[in-house]
Amino acid sequence: MSVGTERDRLTDNLQLIPFVEHRHVTLLHELLRQNTARLSLGFLGIVIALAIFAPLVAPYDPADPNYANTFASPSLQHPFGTDSFGRDILTRIIYGARISLFVGLSVIILAMTVGISIGLTAGFYSKTPIETVLMRFIDALLAFPGIILALVIMSVLGPSLRNVIIAISIAQVPGFARLAHGTVLSIKEEEYIMSARAAGSSNFKIIRRYLLPNAAPTLIVQATIVFAFAILDEAALSFLGVGSQPPTPSFGLMILEGQQYLGDSFWLAFFPGVAIMLTVLSLNFLGDALRDVLDPKYDSD
Amino acid sequence: MALLEVENLCTEFRTKDGTVTAVDDVSFTIDKGERIGVVGESGAGKSVTGLSILQLVEYPGVITDDSSIRLNGEDLLAKSEDEMASIRGNEIAWIPQDPLSSLNPTSTIGEQIVETMRIHGYGDDENDRRQRAISLLADVGIPDAANRFDDYPSEYSGGMRQRVLIAMALSCEPSLIIADEPTTALDVSTQAQIVNLLRDVTSNDTALMVITHELGLVAELCERVMVLYAGTVAEKSDVAGIFDDPKHPYTKNLLKCSPHLTMGEELNTIPGSMPVGSERPSGCQFHPRCSEAMEECSVVEPELLPDGDGGEVACLLHTDQEYNMKVDQP
């Protein structure tokens with residue numbers, strides 16, 4: 001894909017949305033008018049609450065084996081059944097949500113900070129060698145599929161949760177950098193950037209007060225999508241054996257452990273799979289709804 | 001001493017397809033408190049002249065080394081980018097062309113005015129700046145200024161936003177305001193109000209350079225006029241001279257092109273178009289479109305010389321230039 005077409009695609013689809021403060025109040029209000037947004041916000045709220053209060057709400061200990069009760073099918077005692085060590089799957093899913101949310105949040109913070117810094121700088125210094133170097137570096141990163149890149153990084157760094165976060169963040173940096181770059185390129189052409197210069201604003205001030213706030217809505221929508229990707233990537237890396245290590249209750253690891261028993265005891269892999277699906281689906285719905293609400297052409301009536 | 005002295009200003013755009021000269025050897029002065037109009041068709045180099053003074057010509061635009069721009073005797077072209085930033089908005093303010101898109105949509109009206117003062121350390125403290133911003137908004141005719149201070153640009157109409165931009169330009173008491181087509185984006189009745197406002201706010205010692213294609217605006221507002229054609233000065237005169245006795249054929253044509261409120265009158269146009277890009281005619285830039293062109297006009301580049309009426313004109317018809325010297329060179 002050439003740079004030109006990618007840039008065109010970005011700028012064509014881009015809605016530069018004024019992100020003004022008083023809209024924050026109406027933003028939530030507008031979001032809650034959409035059924036999908038209400039549902040996904042509700043579900044994510046429950047997931048976040050469960051993750052935070054996991055030790056209080058989980059019925060059992062996530063790592064405590066019970067060899068007398070392995071492969072128990074779903075029942076009142078164990079709503080989602082037990083696994084090959086007799087551990088309660090519901091408990092492990094509740095603790096697994098902790099890991100997924102922690103990974104997602106960390107990846108967003110890391111990838112956003114690095115990606116936006118690169119994209120903003122490249123966009124601000126467009127048509128200079130700074131842009132060329134930064135964006136060609138991003139292009140090089142983009143040449144690898146995200147999960148392969150993460151796999152390579154994981155095999156270099158060694159498996160641990162911290163390294164999972166680093167690997168996924170690196171894989172997600174190009175997306176943020178490209179988006180920030182494209183957004184900044186189009187905002188830079190706005191007249192108010194020229195008036196800011198004519199009023200004597202420094203480069204730093206223009207980036208901080210003009211480019212970043214005006215690019216924010218686009219980047220926030222991207223953040224919800226990346227959150228979902230990070231959860232999927234973490235599960236995939238764990239499933240491939242280079243991510244979280246047993247007995248950590250990661251969704252991907254639970255599916256890996258459960259897949260060999262799929263024929264007899266489907267619940268080992270099924271419920272963690274459903275948990276991933278619902279969380280990722282909710283995040284994607286939320287991203288869609290946010291994009292609609294932040295779009296100035298969006299009409300709530 | 002003049003407030004602003006521009007000498008031999010050349011601004012070129014060095015593109016891959018060759019060098020395009022947007023401003024070609026333009027010289028003029030602006031005195032303290034004077035209002036001057038810079039007139040010409042689109043692409044005549046008016047805006048680039050204004051941006052060159054602020055050194056905000058965008059890549060690949062370059063101001064050549066022979067150019068000289070002095071403000072109060074100080075050479076602006078020798079200044080660093082930081083020094084220029086402290087002059088922009090402070091000594092020389094800019095009123096942009098399109099009020100609808102020239103304000104930051106993510107920041108309040110008041111904050112944007114205060115910001116300009118904050119950059120230049122104007123005012124004692126935040127409260128002082130806020131008070132001044134409110135009184136400026138009131139001065140430019142924003143009703144209920146104190147309550148509209150925290151509004152966002154989207155809550156202001158086009159005319160009001162142009163007033164805000166004027167208030168921003170005035171905030172640090174600049175000695176020169178450059179207004180780029182300040183009324184083009186506005187409807188006729190709003191235009192008249194903005195013209196009156198611009199006249200009022202520059203009635204003290206503030207000089208004003210109005211860049212426009214509307215001769216009517218110049219007649220209303222300015223004391224002197226400079227007509228640009230293809231980056232060169234065609235004619236300089238006081239306002240009365242331009243309207244009563246235009247010397248350059250281009251100026252005469254421009255005047256004929258201005259619409260009048262007469263029923264059934266057909267609007268005049270100047271045949272052909274201004275040279276664009278790197279292809280420029282030899283001799284006088286206007287001669288291919290000039291109805292009074294003579295043979296030598298295609299060979300001799302006319303110099304800007306006194307026209308005998310206090311103005312200056314660059315046309316062989318009006319000056320007994322010694323063009324024979326140059327005629328020999330093909």
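Reminder, nothing fancy here: chain letters follow the sequence lines and each chain counts from 1. Owing to the predicted nature of the structure, the values given are computational and were not obtained by experimental measurement.
- A donor-acceptor pair is defined here as one N or O able to donate and one able to accept, closer than 3.5 Å; such a pair exists between the side chain of B:N104 and the backbone of A:R209.
- Heavy-atom contacts from other residues, nucleotides or ligands closer than 6.0 Å to CZ of A:F137 number 12 or fewer.
- Of all residues in residues 78-88 of chain B, those placing a non-hydrogen atom less than 4.5 angstrom from a non-hydrogen atom of chain A are B:A85, B:R88.
- Nearest heavy atoms, A:G200 versus B:I119: O-CG2, 3.5 Å.
- Heavy-atom pairs under 4.5 Å with chain A were tallied for B:P174, B:C172, B:S101; the largest tally goes to B:S101.
- Applying the side-chain hydrogen bond (donor to acceptor under 3.5 Å, both in side chains) test to A:S126 and every residue at least two apart in sequence or in another chain returns A:K188.
- Of the two parts of A:S201, the backbone and the side chain both hold a non-hydrogen atom closer than 4.5 Å to a non-hydrogen atom of chain B.
- Between chain A and the residues B:M168, B:E111, B:Q112, B:Q97, the largest count of heavy-atom pairs under 4.5 Å involves B:E111.
- Contacts of B:Q55 with chain A are absent, with no heavy-atom separation under 4.5 Å from either backbone or side chain.
- Contact annotation for residues 122-135 of chain B against chain A (heavy-atom separation below 4.5 Å): no residues qualify.
- Of residues 192-199 of chain A, those residues with a non-hydrogen atom less than 4.5 Å from any non-hydrogen atom of chain B are, in numerical order, A:Y192, A:M194, A:S195, A:R197, A:A198, A:A199.
- Surrounding CZ of A:F229 are at most 12 heavy atoms belonging to other residues, nucleotides or ligands under 6.0 Å away.
- Only the side chain of B:L51 has a heavy atom closer than 4.5 Å to any heavy atom of chain A.
- Of the atoms belonging to B:L103, it is backbone heavy atoms, and not side-chain ones, that fall under 4.5 Å from chain A.
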